[in-house]
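Below is one structure, written out as C-alpha cells, with a few remarks after it.
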There are 2 protein chains.
Amino acid sequence: MAVTIHEVARRAGVSVSTVSRALAVPDLVRASTRDRVLAVAEELGYHPNRAARSLITGRTGNIGVVVPDVANPFFSAVLKGAHARAREAQQVVFLADAAEDPRVEAELVAAMGKQVDGIVLCSARMGDEELERSAGTTPLVLVNRCSPGRPSVLLDAADGMRQAVEHLAALGHRRVAHLRGPERSWSAGERLRGLRAAAPACGVEVVELGPFPPTFEAGLPAADLVLASGATAVLAYNDLMALGVMNRLAVRGVVMPAEMSVVGFDGTQVSAMTTPALTTVAAPTETAGRAAVELLLDLLAHPGRHSDVVRTLPSQLVVRATTVPPLPHAVRAGVPAPLEALS
Amino acid sequence: MAVTIHEVARRAGVSVSTVSRALAVPDLVRASTRDRVLAVAEELGYHPNRAARSLITGRTGNIGVVVPDVANPFFSAVLKGAHARAREAQQVVFLADAAEDPRVEAELVAAMGKQVDGIVLCSARMGDEELERSAGTTPLVLVNRCSPGRPSVLLDAADGMRQAVEHLAALGHRRVAHLRGPERSWSAGERLRGLRAAAPACGVEVVELGPFPPTFEAGLPAADLVLASGATAVLAYNDLMALGVMNRLAVRGVVMPAEMSVVGFDGTQVSAMTTPALTTVAAPTETAGRAAVELLLDLLAHPGRHSDVVRTLPSQLVVRATTVPPLPHAVRAGVPAPLEALS
DNA sequence: ACACCCGCTGCAAACCTTTGCAATGTGTGC
DNA sequence: GCACACATTGCAAAGGTTTGCAGCGGGTGT
C-alpha cells in the first residue's frame, strides 16, 4: 500500500539502513549516496511509518493536552498556544477533555500515557497522590497548578488579585465580594490567597462566597448572594462567572456598574465583548500553552534536568467599563442599597 | 518497561495468541480461560501497545479533527462533541488548528493523513480540487461544507435563515441588513442563499453587507454600515459578529433592541450570556461533532459504503431579548432613524 | 466403533523501522 | 610496504501485536 523504506532502498540501490540514516543522520552517509537516496525518497513520497518507528524508538512524536473543558474559552486559548508550539516542533497534539471531572481526568492521563511522549495537564483537579499514580512515569507539565517535583507553568493569579483589589480600593470600594472557584482547583486557591493577602493592606473587607463551579450558570445565583452581602463590588473567579453575575444583575434591575462593580478573571476574548466591557485580570493564556509545551520538549530532550522548574507568567489587570467608584451611601452603610434609594 | 502481552500470557499460563483473542474476540476463547486472562491483564494493568497494534493492523485508532480556529466557540463546541464520540469508540482525537488559513488547512490535512484513520474537517475553506489533493486516500468527513462524493454533516443554515427572517418579518421589520461571512465559506453561502430565498416571501427587503471575517472585531465597523443602511434589524453571520454589532451600537448610543434588532447565528454559549441576551439561530454544534465522528467510524468500518452520505441537522431559532418590533417611523421611512426622533 | 466436526489453543509469520556490530574499502603514518 | 584508523555501508535483531493455519481433544451421527 504505502511506500516503505525497502522500496526506497531497492530503487536507490542501497540497503534499508542507509536509507534510514540518510534521513535521520545525514552525516553518516556519503554525500553522493545521500543525495541519491533523498531524491528517490522524495520522488516516491516516502514518509517513515510512525508506528514502526515508535515501536522501536519508544517515542511517539505526540504530546497530549488534557483540559477540564474545551468549550471554556480559557482552556481553548491555552490549547491554541500549545498546539502552535507543538506544531513548530513537528509534534502532534492529542486532545482530551476531562469534562471537569477529576476521575475522568486521572483516567485520561493514565490512558494517554502510553500514546504520547508527554502530557500537558491544565488546571488539574485531582490530588497530588492521584496525579502521581495516574501519570506514572509519563513526563508531565502542569498548567495552572503546582505539585512538588513537577515542572509547571503558572499564571500569577495572586498578583492579579492584588492588582484587582488595589484597583477597587482606589475607586473607593470598602466591602468586596469574592466568588470562589472550584474547591479542588489550585488556581482558585491562589486567587483566594492573593486576595486575603492584599485586601487588609488596602483597607478592603472581603466577603467570600462559594465555592462555585467556574461557569456562567453558577454566576447567576451568585449575583443574588453578592447583592445580599452588602458588597459594592464583586471579584468573580473567572470571566464566565462574571458574565453570569452581570446577567443576573440586569434581570434584578441593578444598574451596572453604578450599583455594582464587577471584575472578571482570565482576560478571555468574551470579556471584551460584553456591554459594558468587563474589567478583568488578563493572563497570557496562549503564551502559557506555548510555555508548557516548551517545557515539556525540554524535559523530553534532557530527562530529569528541569524536573521542577516553575515558570510563572505575569497577570495584568485590564480596566474596562465595569468598575467605577461605588455609590457614596452604599459605602457608608455597608449594606445592600435598597433599590428605592436610587430613584 | 511496560507490561507486554507476553508477560500476561506467561502469568496466565497461556500463549500470547490466547491473550490477544481474550481481549479482542472474547467468543473465541473458553469462558474460564478468558476470565483468568482478563484477571491477570487487569492485575498487571496491561494495555496493548498501540504502535505495535497499528503496525500490523494498519489502523492507528486516531482520528484527526481540523478546525479553522479552536478559540472560536463554535468550533470548540464541535470539537467537544467529536472528542466525546471518539472517546466512546476508544479513539483518540488528534487536533489541528488551521488558523483560518486555507493553505495551512491543506497542509495539515495532508500531514495528518498518515497518522490517523480518518479526518473530520470543519468548515473547510479550501477548494474542492485542493481538498481532493490534500486528502488523498484518507477517509474524510466534512462538517459545514459539502463536496461531491464526500460524506458530510451539515447544519441547516438556509432553514435557520428562513426562521430568522420570518421572525423578523412577523415582528414588522421590512428592511433587514445581513452581514455576510467569509467569502470562501460554504456555510456563509448557504446562509445567504437561505436568506435570499426566504426574504421575498415575507416581504422583507435585504441589504447585503460584507463579506466579513467571522469575528467580533469585524462586527464593530459592520454596525456602522448597518446603521447607515436604513435597516431596522440585522442578521449577523454569526454570534461573534452580532456581539461586535451590539457593542458598537452601544457606543454609538443606539438603544438596543428598540432601535435595532439583532440576530446572531450558531447558538454559541456566549449568545446566552450577553445583556440583553441575543436572539440566535442555534445549531446543534456538539451534535454535529458527534455525528461527524459517527459517520467517520461508519466509513472506516464499511469502506465506500457511505461515501456520499450527507447528514443535515436542523437549526432552531432561539428567540431572546434582542429582537422586538421596529419603531413605527423607522419602518415607514425606510431610512436610519435620527437619534433626536427618539427623545 | 468409526469418521467427522467443532471448540479451543498454540505456533510462527508479518508489519516497518532503527541501530549495534561487523565488513569492506580507502587513506595515513611510520 | 605494513599496520592501523576511519569512513561508509550492510546484516540482522528487536520491538509488541495480530492472525492464518494447524493441532489436539472431546462429542455427535451413523
Side-chain angles (χ1 to χ4, degrees), chain A residues 1-41 44-62 90 92 111 113-117 137 300, chain B residues 1-41 44-62 90-92 113-117 300-301:
Chain A
M1 195 101 205
V3 30
T4 78
I5 200 174
H6 287 95
E7 181 67 12
V8 177
R10 202 175 58 72
R11 296 240 207 163
V14 295
S15 73
V16 292
S17 336
T18 304
V19 176
S20 177
R21 279 189 276 253
L23 294 163
V25 239
D27 298 333
L28 280 187
V29 358
R30 182 167 39 186
S32 61
T33 315
R34 186 203 320 146
D35 293 346
R36 185 157 36 98
V37 170
L38 260 36
V40 174
L44 266 51
Y46 169 73
H47 288 277
N49 179 315
R50 295 182 69 119
R53 169 182 291 176
S54 75
L55 182 57
I56 183 146
T57 61
R59 298 262 313 246
T60 61
N62 304 330
Q90 323 255 37
V92 163
K114 282 103 192 167
Q115 312 171 46
V116 299
D117 295 337
T137 167
L300 294 173
Chain B
M1 195 104 204
V3 30
T4 76
I5 200 173
H6 287 95
E7 182 65 13
V8 177
R10 201 176 59 73
R11 296 241 208 162
V14 295
S15 72
V16 292
S17 334
T18 304
V19 176
S20 177
R21 278 188 278 253
L23 294 163
V25 240
D27 298 333
L28 281 187
V29 358
R30 184 166 41 184
S32 60
T33 314
R34 185 200 324 144
D35 293 346
R36 185 157 36 96
V37 171
L38 259 38
V40 174
L44 265 50
Y46 168 73
H47 290 277
N49 179 316
R50 299 186 63 125
R53 168 181 292 177
S54 73
L55 183 55
I56 181 145
T57 61
R59 301 258 312 243
T60 62
N62 304 332
Q90 324 253 38
Q91 303 265 315
V92 166
K114 282 104 190 166
Q115 313 171 44
V116 299
D117 295 338
L300 294 174

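Every chain is numbered from 1 and lettered A, B, ... according to where its sequence line falls, protein lines coming before strand lines.
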Roughly, in whole Å, what's the span from [atom1] in [X] to [atom2] in [N]?
X	N	atom1	atom2	result
A/Arg30	C/dG25	CZ	P	12 Å
B/Glu7	D/dT17	CD	C1'	16 Å
A/Asp35	D/dT9	CG	C1'	16 Å
A/Ile5	C/dC15	CD1	P	15 Å
A/Arg59	C/dC16	CZ	C1'	19 Å
B/Arg34	C/dG7	CZ	C1'	13 Å
A/His47	C/dC16	NE2	P	16 Å
B/Ile56	C/dC16	CD1	P	10 Å

Is [X] near enough to [N] that one of its side-chain N or O atoms lies under 4.0 angstrom from OP1 or OP2?
X	N	value
A/Arg21	D/dT9	no
A/Tyr46	C/dT17	yes
A/Ser20	C/dT18	yes
B/Thr18	C/dG10	yes
B/Arg53	D/dT18	yes

Nearest to the side chain of [X], heavy atoms from C-beta on, is which of [options]?
X	options	answer
A/Val29	D/dG10, D/dT9, C/dG10	D/dT9
B/Thr33	C/dT17, D/dT18, C/dC8	C/dC8
A/Asn49	D/dT19, D/dA14, C/dC16	C/dC16
B/Leu55	C/dC11, D/dG16, D/dT18	D/dG16

Crowding at CZ, B/Arg36 (>12 non-hydrogen neighbours, <6.0 Å):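 Yes - once you tally the heavy atoms of other residues, nucleotides and ligands closer than 6.0 Å, there are more than 12.
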Please confirm whether the backbone N or O of A/Val16 pairs with a side-chain atom of A/Ser20, one donor and one acceptor, at under 3.5 Å?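 The answer is no, because no donor-acceptor pair under 3.5 Å joins these two groups.
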Can you tell me whether the side chain of A/Thr4 and the base of C/dC15 have a donor-acceptor pair closer than 3.5 Å? no
With a 3.5 Å cut-off and heavy atoms only, can you find an N or O donor on one side and an acceptor on the other between the side chain of A/Ser17 and the base of D/dC11?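 Yes, the side chain and the base share a sub-3.5 Å donor-acceptor pair.
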Apply side chain to side chain contact (heavy atoms under 4.5 Å, CB included) to the pair B/Val29 and B/Val37, showing each step before the final yes or no. CA-CA 10 Å; B/Val29 358; B/Val37 171; over 6 Å; no
A/Val8 to A/Val19 - nearest heavy-atom pair and separation: CG1-CG1, 3.8 Å
Over all heavy atoms of both residues, which pair between B/Asn62 and B/Gln115 is shortest? Give the atoms and the distance, please. ND2-O, 3.3 Å
Nearest nucleotide by nearest heavy atom, which residue falls closer to the 5' end of DNA chain D, B/Ala52 or A/Leu28?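 Counting from the 5' end, the first nearest nucleotide belongs to A/Leu28.
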